[in-house]
Structure formats: structure tokens, C-alpha cells
Amino acid sequence: MSLRWAWLAVLLAYMLVPGPVSLSAARQDEEARRQLLLAPYRQCLDLLRRGQLAQAIARLDEIDEIQLGAILGLVKGKMRAFPPGLEAADMQAAILLHVEAARAEKLPHDRKRQLERVWELVSAAGDRISPGFGRDCSLLVLWSLQERFELDDLVRQLNVALGRFGDDAELRLVQGSLWELLARLQEPGLRLPLGPAVSAIVRVPTRQWAPDYDAMPVAPSRIHEKCAGLYREALGQVPPPPSPGAEETRLRLSHVLAMTGRFYEALEALAPLDAGAASSLPVELRYLEALFRGRALLGLGRPDAAAVEYRRAASLFPTCQTPYVALSGALRAAGDLAGARETTASMLSVPTLSVCPSDPWVRYPEGQSWRIEGLVDRLHEAVRR
């Protein structure tokens with residue numbers, strides 16, 4: 001009997017030998033299917049990393065929604081694995097791909113879906129991507145919405161960003177810029193989504209038909225007061241100069257203080273930029289600094305000093321009308337009527353086609369969108385092959 005059992009054991013062992021080989025083959029088949037599923041997405045990432053953004057987004061649009069959902073499930077799994085199945089640059093490229101898809105001209109629900117994917121990927125990647133990459137992606141989306149004046153989406157995405165990154169100084173600068181824009185607009189019937197982005201500067205009707213979408217901005221003077229407090233707080237958090245965020249925050253603080261008639265405080269806010277310190281600023285900020293300093297000086301009854309600042313602004317953007325209009329006003333206030341007329345005549349003599357197309361003051365309501373190009377370059381450089 002023992003011999004029979006021995007032969008049976010040998011037979012069972014023989015039958016079991018092919019098992020691991022079959023299992024290995026099954027695993028190989030499964031991995032092959034995964035690679036086949038991932039292939040079009042890898043094409044998107046490769047195009048993005050080679051600088052072919054339009055082609056990358058077009059290829060992404062060709063992927064079926066159900067297929068893309070399965071692909072992103074695999075990608076997130078590779079991100080969470082230990083060790084991860086993707087390099088940090090690949091993770092960042094996947095995140096940036098959907099950020100750029102959200103920035104493309106799409107319907108609001110398309111953008112919402114792309115941004116949901118962005119945050120899912122950021123969460124899956126965790127601390128395996130460069131510090132600040134997720135925050136910078138958020139800024140890129142917000143600055144793009146500022147440029148297009150898409151207020152509803154701007155409020156919603158700023159709500160998301162503040163929830164993720166807290167009291168980040170750059171996000172506070174976006175928030176303050178939004179508040180300034182709302183103070184300027186004050187359109188009858190203007191309604192906004194609710195949330196932390198605007199909760200401090202809106203009033204909510206007692207009866208709400210749509211609890212998440214029925215906020216109205218308060219009076220401009222109240223908004224400017226709130227902005228001043230927000231910018232002062234942000235200045236305690238931004239990196240020290242030279243930093244475009246810190247410098248722009250200081251300029252915006254001066255502007256909102258002047259809007260509330262606090263001209264001495266407005267001039268005081270610009271004090272760190274005295275004695276030539278403003279010369280290191282980007283030209284857009286140097287121009288605004290001259291305009292805002294002139295406004296504060298004029299408010300303090302010093303039109304001659306204001307005229308000097310307006311001339312400085314005009315020298316930086318000589319085809320823009322804004323500094324000439326301000327200079328003419330300062331000269332009139334100083335009693336130089338002939339100089340005011342000459343300035344106005346000089347401004348009107350500039351051919352229409354040569355008028356400054358991107359006056360920083362005209363673009364002021366667009367927030368930080370003037371910095372988009374530099375941020376795009378930095379983010380793409382982080383994933384470039």
C-alpha cells in the first residue's frame with residue numbers, strides 16, 4: 001500500500017510541475033494586456049515630454065472615456081506601488097497632461113473632469129513628485145481662468161486649491177486679485193459660487209434657492225478693506241524679494257489702500273521699493289509701481305512729485321495711454337495747464353496701430369496671468385525628455 005501511495009505522490013508531483021509555468025504565462029499575458037491598454041496614453045506622455053503639446057492633447061481626446069478610466073486606474077496603481085512603477089518625471093508628465101487638457105478650449109464639464117483627474121493623480125503620487133509641483137499646476141489653472149475672466153470656475157478651483165494648500169501666499173495673491181476684480185465689476189445680479197475663496201467678501205440672501213451658488217459681492221470699499229488685510233497677511237508668508245509674488249502683493253496692497261483714500265499708507269507700502277530697489281522688478285511691475293506711487297503722491301497733494309512718477313511709467317511703456325492720462329491730470333493739479341494740453345496732444349498723436357497692446361494696467365484685472373509663460377516653461381522643463 002505504501003508503494004502505491006509513493007507512486008501516486010510522484011504522479012501528482014509530475015502533474016503539478018507545469019503549474020508555475022502556466023501561472024507565469026498568465027501573468028505575462030496580463031502584463032501584455034496592460035501594456036497594450038497603456039500604449040495610447042504613453043504616446044500622449046511622450047508627445048508632451050517632447051514639447052508637442054497640441055498633438056498630446058489631440059491624442060488624449062481620441063481615447064475612449066471608459067478606456068481612459070481603466071488606464072488611469074493602472075497609472076494610479078503604478079504611482080502608489082512600492083517601489084513605484086513610474087519615475088517621478090513620468091508621474092509629473094501625467095499630471096501636467098491633464099492640466100494642459102483642462103486649460104485647452106473645452107466645455108466646463110470637460111474641464112471639471114480633467115481637473116478631477118489631476119487631483120486624483122496628485123494624491124496617488126504623494127511625495128514622490130517634486131515639492132510644490134501640484135501647487136504650481138493649480139496656479140497654472142487659476143492664472144489661465146483669470147486671463148479668460150471665467151469667474152465661476154475660478155472661484156470653484158480656488159476653493160479646491162485653498163482646501164489643498166491652505167494659506168499659500170501665491171494662492172492668497174490670486175484670491176486678492178479676484179476680490180479686486182469683483183469690486184471693479186459690481187454688475188447687477190452678479191452671483192458667485194460659495195466657498196472659502198469668496199466667503200469673506202460676499203453676502204448670502206436669507207432665502208437660498210441654490211445654497212452653493214447664490215453669493216453676491218459686498219460694497220467695493222468693504223472689499224478693498226478686506227484685500228488690504230489679505231495682502232498684509234500674505235506678505236508675511238511670501239519668499240523675500242526678489243520674488244514676483246511678494247513684489248506684486250506689495251503693489252496690490254498699495255493700490256487697494258489708495259482706493260480707500262489711505263494715501264500715506266499706500267505710499268508707505270511701496271517704501272521697500274525705494275532707493276532704486278524697484279529697478280530689479282520685471283518691467284510690468286516697475287510700470288505699475290510708478291503709476292501707484294504717482295497716485296499716492298497725487299492723493300497727498302504733491303502733484304509735481306506725482307508727475308515725475310507718471311513720466312517714469314511713460315518711459316517704460318511709451319505707447320500706452322494710461323500714464324499720459326495720469327500725467328495730464330497731475331499737471332493740471334499742479335497748475336501747468338499748458339503742459340497738460342501738450343501731454344494730451346502728444347498722446348492723441350500716436351498712431352492707433354502703435355498703441356500698446358498689453359498695457360499692464362489694462363491687464364491688471366487679469367491677476368497673475370502675465371506670469372503664465374514662465375510657469376508653463378518651468379513645469380514643462382520638469383517633465384521634458
Side-chain angles (χ1 to χ4, degrees), residues 142-143 145-159 161-163 167 169-236 248-270 288 291-301 306 322 325-326 329 359-369:
L142 293 170
W143 294 355
L145 294 172
Q146 285 180 326
E147 187 175 37
R148 298 174 184 173
F149 293 104
E150 296 188 29
L151 294 183
D152 285 7
D153 265 7
L154 177 57
V155 172
R156 290 192 182 95
Q157 293 309 317
L158 185 53
N159 284 338
L162 291 171
D167 292 335
E170 285 281 14
L171 292 179
R172 292 304 183 188
L173 180 55
V174 173
Q175 186 177 24
S177 303
L178 169 64
W179 291 2
E180 287 189 67
L181 176 59
L182 294 175
R184 177 181 292 201
L185 290 177
Q186 289 296 312
E187 297 177 358
L190 177 65
R191 297 288 189 275
L192 296 166
L194 295 174
V198 295
S199 59
I201 56 113
V202 297
R203 57 183 181 274
V204 181
T206 305
R207 293 182 179 180
Q208 288 184 270
W209 296 104
D212 63 338
Y213 191 85
D214 204 13
M216 296 177 290
V218 298
S221 59
R222 181 61 177 154
I223 293 177
H224 287 137
E225 290 174 4
K226 287 286 187 178
C227 274
L230 183 70
Y231 289 145
R232 289 189 195 279
E233 291 176 7
L235 283 172
E248 185 181 348
T249 302
R250 185 168 295 284
L251 291 175
R252 285 183 172 271
L253 172 61
S254 175
H255 173 63
V256 296
L257 288 170
M259 292 298 290
T260 58
R262 295 147 70 181
F263 298 112
Y264 180 79
E265 290 181 63
L267 195 61
E268 193 176 51
L270 298 174
L288 292 175
L291 288 180
F292 294 168
R293 192 181 293 275
R295 169 69 186 279
L297 290 167
L298 190 61
L300 291 171
T322 302
V325 172
D359 184 336
W361 172 242
V362 174
R363 293 196 63 188
Y364 186 82
E366 297 175 22
Q368 292 65 61
S369 62

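Residues: numbered from 1 along the sequence shown. A quick note: this is a predicted structure, and the numbers were derived from the prediction, not measured.
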Item to check | With sequence neighbours excluded, residues passing side-chain hydrogen bond (donor to acceptor under 3.5 Å, both in side chains) with E248 | outcome: R252, Q368, W370
Next on the checklist: Could you work out, with side-chain hydrogen bond (donor to acceptor under 3.5 Å, both in side chains) as the rule, every residue matching R250, not counting sequence neighbours?
Outcome noted: none
Just jot down the salt bridge (charged side-chain N to carboxylate O under 4.0 Å, His left out) partners of [X], sequence neighbours excluded, or say none.
X    : value
E147 : R363
R222 : E225
R295 : none
D153 : R111, R156

If you take all heavy atoms of [X] and [Y], which pair is closest and at what distance?
X    : Y    : answer
P365 : L181 : CB-CD1, 3.9 Å
L158 : L142 : N-CD2, 3.6 Å
A234 : R172 : CB-CB, 4.1 Å
C227 : V256 : CB-CG1, 3.9 Å
Q146 : S177 : NE2-CB, 3.9 Å
P220 : A183 : CG-O, 3.6 Å

Could you work out, with side-chain contact (heavy atoms from CB on, under 4.5 Å) as the rule, every residue matching [X], not counting sequence neighbours?
X    : result
R232 : L253, L257, R262, E265
L297 : L267, R293, R302, A305, A306, E309
D359 : Y287, C320, T322, C356, W361, V362

Checklist entry - Is Q175 reaching over with its side chain to a backbone N or O of A197, donor-acceptor style, under 3.5 angstrom? => result yes
Checklist entry - Is there a donor-acceptor contact under 3.5 Å from the side chain of N159 to the main chain of L194? => result yes
Nearest 0.5 angstrom please: [X] [atom1] to [Y] [atom2], how far?
X    : Y    : atom1 : atom2 : value
L171 : L162 : CG    : CG    : 5.5 Å
I201 : I223 : CD1   : CD1   : 4.5 Å
Y231 : S254 : OH    : OG    : 11.5 Å

Item to check | Plane angle bin for Y364 and H255 - parallel if under 30°, tilted between 30 and 60°, otherwise perpendicular | outcome: perpendicular
Next on the checklist: Do E366 and F149 make a side-chain contact, defined as non-hydrogen atoms from C-beta onward lying under 4.5 Å apart?
Outcome noted: yes
Checklist entry - Looking at residues at least two apart in the chain, or sitting in another chain, which of them share a ring-ring contact (aromatic ring centres under 6.0 Å, His included) with H224? => result none
Checklist entry - By ring-ring contact (aromatic ring centres under 6.0 Å, His included), which residues pair with F263, not counting sequence neighbours? => result none
Checklist entry - Per the side-chain contact (heavy atoms from CB on, under 4.5 Å) rule, which among V202, L230, V174, V218 passes with W179? => result L230
Checklist entry - Can you tell me if OH on Y264 sees more than 12 non-hydrogen neighbours from other groups inside 6.0 Å? => result no
